Amino acid sequence: MVEFSSERLARLTGMLKRRGVILPAFEIHGGAAGLYDFGPVGGRLRNRVNQTWINHWQSLGNVVEISCPTVTPYPVLEASGHVGEFSDFLTECKKCGEASRADHLIEAIHPNAESLSKDELGALISENNPPCPSCGESEWGQIEAQNLMFNTKIGAGSSGRQGFLRPETAQGMFTSFTSIYRHFRERLPFGALQTGKGYRNEISPRQGMIRLREFNMAELEYFIDPEVNTVHDFSLWNQEVTLIADKEGEIVMTLGDAVEKGIIRHPTVGYFMGWTMDFLLNVGINPAHLRFRQHESNEMAHYAQDCWDAEIRGSYGWVECVGIAHRGCYDLTAHEEATGQRLRAWRTFSEPKVVEINGWTTDGAKAGPAFRALAGQVKSAVEELPPETKFPFTLSIGESAVEILPEHVKRVQRSENVNGEWFVPHVVEPAFGIDRIIWHLLDHSYSEVEKSGEDYTLLGLPELIAPVDVTVLPLYEKDGMDELALIIHRELCGKKNVFSVYDASGSIGRRYARADEIGVPWCITVDHDSLSDNSVTLRSRDTGEQTRVLINALPF
RNA sequence: GCGGAUAUGGUGAAGUGGUUAUCACCUGAGGUUUCCAACCUCAUGUCGUGGGUUCGAUUCCCGCUAUCCGCACCA
């Protein structure tokens with residue numbers, strides 16, 4: 001079992017920097033907090049984890065990949081709620097200068113302080129004078145809004161529109177909903193995913209790759225009909241999982257049981273938790289350091305109905321790396337309301353519904369001239385009247401009373417067949433922080449052992465995501481061994497999905513050690529015999545075992 | 001954002017108000033070596049950044065940036 005410690009963490013980050021996996025960005029200019037580079041080894045690692053994620057979710061069979069801009073106009077994020085929700089309202093204690101979040105100060109006074117506006121917060125604070133958590137005094141300054149999104153301007157000068165760098169990729173899936181809906185021939189359920197950069201202007205980035213200002217996200221928006229009882233196959237996951245449920249606390253059970261008992265409130269959320277677990281284990285997360293935690297109702301993001309985080313334990317403790325949120329109809333409704341565009345799916349009833357329409361409406365030709373500006377309101381009011389209403393009838397509309405005469409109205413009585421209805425699909429969203437996952441799989445894969453009395457480090461990465469698949473090593477760089485090794489190396493590099501590294505410097509043992517340190521699963525060694533019999537040594541990283549293989553029978 | 005500490009080759013460390021800043025590992029070249037960080041020779045590469053004090057600053061002072069630790073915050 002890995003023991004996480006700050007000393008091990010220092011050695012691990014040192015190795016990652018030295019070997020070009022992850023490094024602080026722009027370091028020659030002094031660096032920038034919360035920004036990291038993936039180096040010559042990390043670049044491919046990131047790409048492979050990313051691609052593995054895409055492949056994994058596309059294997060659901062009804063999921064497409066899209067790619068949307070990171071630069072996003074203001075109204076999009078206003079509609080989504082980010083402009084409001086991503087602002088923290090801060091106020092400073094006049095005595096000690098400590099900045100506190102205004103909503104936290106009045107948490108005890110107001111049950112839902114987070115939802116309050118700046119003015120409401122200000123009023124409550126001056127009424128109640130909450131004490132400063134740091135010095136105990138109760139004198140507060142102005143409340144300032146601090147937005148966690150990066151501002152930008154789309155277009156130059158005064159004609160530029162305000163925009164933001166996106167704080168999540170999800171909004172692109174919602175704003176493209178109709179196109180995706182058409183792609184799937186207007187049949188639910190379906191999903192759209194994208195991977196890409198997201199940006200949050202963190203007040204204080206900490207803990208290396210854990211909190212970044214620019215980060216790799218991978219999100220799936222899966223659209224479902226809330227009235228269909230989806231049946232998922234939970235027999236895929238027989239193993240018990242650690243769950244920290246909102247009410248029950250820490251429990252250990254299978255995902256299927258948790259869904260059945262209603263602890264996981266929607267089966268698709270549970271199913272995606274399983275799918276998420278498969279992905280995490282495939283890329284090298286240690287299941288002993290994985291758990292799912294349900295958000296308490298009061299910590300749920302503004303859009304969510306139920307939310308489970310996959311948390312991974314590593315050198316920084318338990319860290320949320322995936323959020324699986326049931327967002328309900330929140331997002332599509334929000335964009336619908338902001339734009340007036342229909343973002344809905346059509347649900348055909350199993351049998352057409354016969355709707356009896358029995359009541360009154362206005363006769364436009366008479367009622368229009370009679371009521372003028374009020375005609376519209378009169379019409380709606382009349383249509384609400386029961387069929388037995390007698391006219392003349394006095395309606396009160398706003399302040400005024402209006403007399404409706406028989407000539408103003410028409411009787412309506414008919415039956416209509418309704419074949420279906422438009423509804424706003426619900427969304428289940430698995431959202432992954434790719435950088436956090438990469439950090440943890442490195443953290444879990446990194447092991448320090450002793451080999452012949454020396455410290456030896458090894459990265460036990462799964463072959464699926466190893467940044468280098470194989471290194472080719474001439475035993476000595478002479479007698480043609482180097483030429484043969486180069487030929488093999490180039491041929492391997494030309495193969496689909498294979499990346500080989502040629503390494504000829506240092507003793508063979510040193511080169512094996514170098515390969516192990518960055519988790520290369522296989523080494524091919526060209527020796528004197530190779531020159532005559534076309535065979536090479538294939539060495540496994542994990543077992544150290546060597547087998548003799550013909551060059552044209554190499555498993556790559 | 002606040003408080004404290006820190007910043008020396010790629011990595012980890014030592015050191016100094018005085019002119020060629022030290023060591024180990026790493027890296028590169030050559031030699032040696034018939035498969036797990038061996039050895040020999042040689043070589044490359046450093047005082048975060050801007051300003052101040054000073055005849056002279058890597059060293060002292062100040063600002064900035066970054067890192068670490070606490071507070072706060074957090075998907």
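Please read these numbers as outputs of a predicted model, since none were measured by experiment. Within every chain, numbering begins at 1; the chains are lettered A, B, ... in the order of the sequence lines, protein sequences first and strands thereafter.
- Pairs passing the salt bridge (Lys or Arg N to Asp or Glu O under 4.0 Å) check and including a residue from residues 15-40 of chain A, sequence neighbours excluded, read A:Lys17-A:Glu27, A:Arg18-A:Glu517, A:Arg19-A:Glu517.
- Residues satisfying the side-chain hydrogen bond (donor to acceptor under 3.5 Å, both in side chains) test with A:Lys451, not counting sequence neighbours, are none.
- Here the separation of B:rC60 from B:rA43, taken at their C1' atoms, is 37 Å to the nearest Å.
- The aromatic rings of A:Trp53 and A:Phe279 sit perpendicular, their planes meeting at an angle over 60°, well past the 30° parallel limit.
- Nucleotides B:rA57 and B:rA38 place their P atoms 44 Å apart, quoted to the nearest Å.
- Note: CD1 (A:Ile210) to P (B:rC68) measures 11 Å, nearest angstrom.
- For the P atoms, the distance from B:rU65 to B:rG28 is 38 Å, rounded to whole Å.
- Comparing B:rG30 with B:rC69, their C1' atoms are spaced 48 Å from each other, to the whole Å.
- As a whole-Å value, the separation of A:His528 NE2 from B:rU33 C1' is 10 Å.
- Geometrically, A:Arg291 engages A:Trp318 in a cation-pi contact, judged by NZ or CZ lying under 6.0 Å from the ring centre and within 45° of the ring axis.
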Write down the protein N/O and nucleotide N/O pairs, taken from nucleotides 49-52 of chain B, whose separation is under 3.5 Å; answer none if there are no such pairs.
none

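- Every residue two or more places apart in sequence or in another chain that forms a salt bridge (charged side-chain N to carboxylate O under 4.0 Å, His left out) with A:Asp469 is listed here: A:Arg44, A:Arg48.
- Atom CG of A:Asp503 and atom P of B:rC26 are 13 Å apart (whole Å).
- For A:Thr537, the side-chain hydrogen bond (donor to acceptor under 3.5 Å, both in side chains) test picks out A:Arg548, with sequence neighbours left out.
- Atom C1' of B:rA37 sits at a distance of 11 Å from the matching atom of B:rC26, rounded to the whole Å.
- Between A:Phe174 and A:Phe223, the ring planes lie perpendicular to each other; the angle is over 60°, past the 30° to 60° tilted range.
- Within 4.0 Å (heavy atoms only), A:Ser505 reaches sugar-phosphate atoms of the nucleic acid but no base atom.
- Straight-line distance between the C1' atoms of B:rA72 and B:rA13: roughly 34 Å, to the nearest whole Å.
- For A:Ser176, there are no side-chain hydrogen bond (donor to acceptor under 3.5 Å, both in side chains) partners, not counting sequence neighbours.
- Residue A:Met209 contributes atom CE, which lies 13 Å from atom P of B:rU67 at whole-angstrom precision.
- In this structure, A:Leu9 atom CG and B:rC68 atom P are separated by 9 Å, rounded to whole Å.
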* **Audit row: A:Trp308, A:His295, ring-ring contact (aromatic ring centres under 6.0 Å, His included) steps and yes/no** => CA-CA 6 Å; A:Trp308 287 82; A:His295 283 207; 9.3 Å; no
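- Whole-Å rounding puts the A:Lys478 NZ to B:rU32 P distance at 7 Å.
- Comparing B:rU8 with B:rA66, their C1' atoms sit 16 Å apart, to the nearest whole Å.
- The salt bridge (charged side-chain N to carboxylate O under 4.0 Å, His left out) search around A:Glu448 returns A:Arg11, not counting sequence neighbours.
- When all heavy atoms of A:Cys523 and A:Ala515 are compared, the pair lying nearest together is SG-CB, 3.8 Å.
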* Structure fact -> Protein heavy-atom contacts under 4.0 Å, written 5' to 3' over nucleotides 35-42 of chain B as B (base), S (sugar-phosphate only) or - (none), form the string BBBB----
* Structure fact -> RNA chain B in dot-bracket form (Watson-Crick or G-U pairs under 3.5 Å, [ ] crossing, | inter-strand) is (((((((..((((....[...)))).(((((.......)))))....(((((..]....))))))))))))....
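- Below 30°, between 30° and 60°, or above 60°: for A:Trp275 and A:His56 the angle between ring planes is between 30° and 60°, a tilted geometry.
- When the salt bridge (charged side-chain N to carboxylate O under 4.0 Å, His left out) test is applied to A:Asp516, the partners found at least two apart in sequence or on another chain are A:Arg539.
- For the pair A:Arg18 CZ and B:rA24 C1', the interatomic distance rounds to 13 Å; values are reported in whole Å.
- Annotation: side-chain hydrogen bond (donor to acceptor under 3.5 Å, both in side chains) contacts of A:Arg541 (sequence neighbours excluded): none.
- Between A:Pro205 and A:Gly34 the shortest heavy-atom distance is CB-CA, 3.7 Å.
- Within 4.0 Å of A:Ala32, counting heavy atoms only, lie sugar-phosphate atoms of the nucleic acid but no base atom.
- Checking A:Gln207 against A:Arg211, the closest nucleotide of RNA chain B that is more toward the 5' end is the one next to A:Gln207.
- In this structure, A:Phe215 reaches the bases: a heavy-atom distance under 4.0 Å links it to at least one base atom across the strands shown.
- Whole-Å rounding puts the A:Asp482 CG to B:rU33 C1' distance at 16 Å.
- Taking every heavy atom of residues 310-321 of chain A and every atom of RNA chain B, pairs under 4.0 Å involve A:Glu320, by number.
- Across the P atoms, B:rC64 and B:rG3 are found 11 Å apart, a figure rounded to whole Å.
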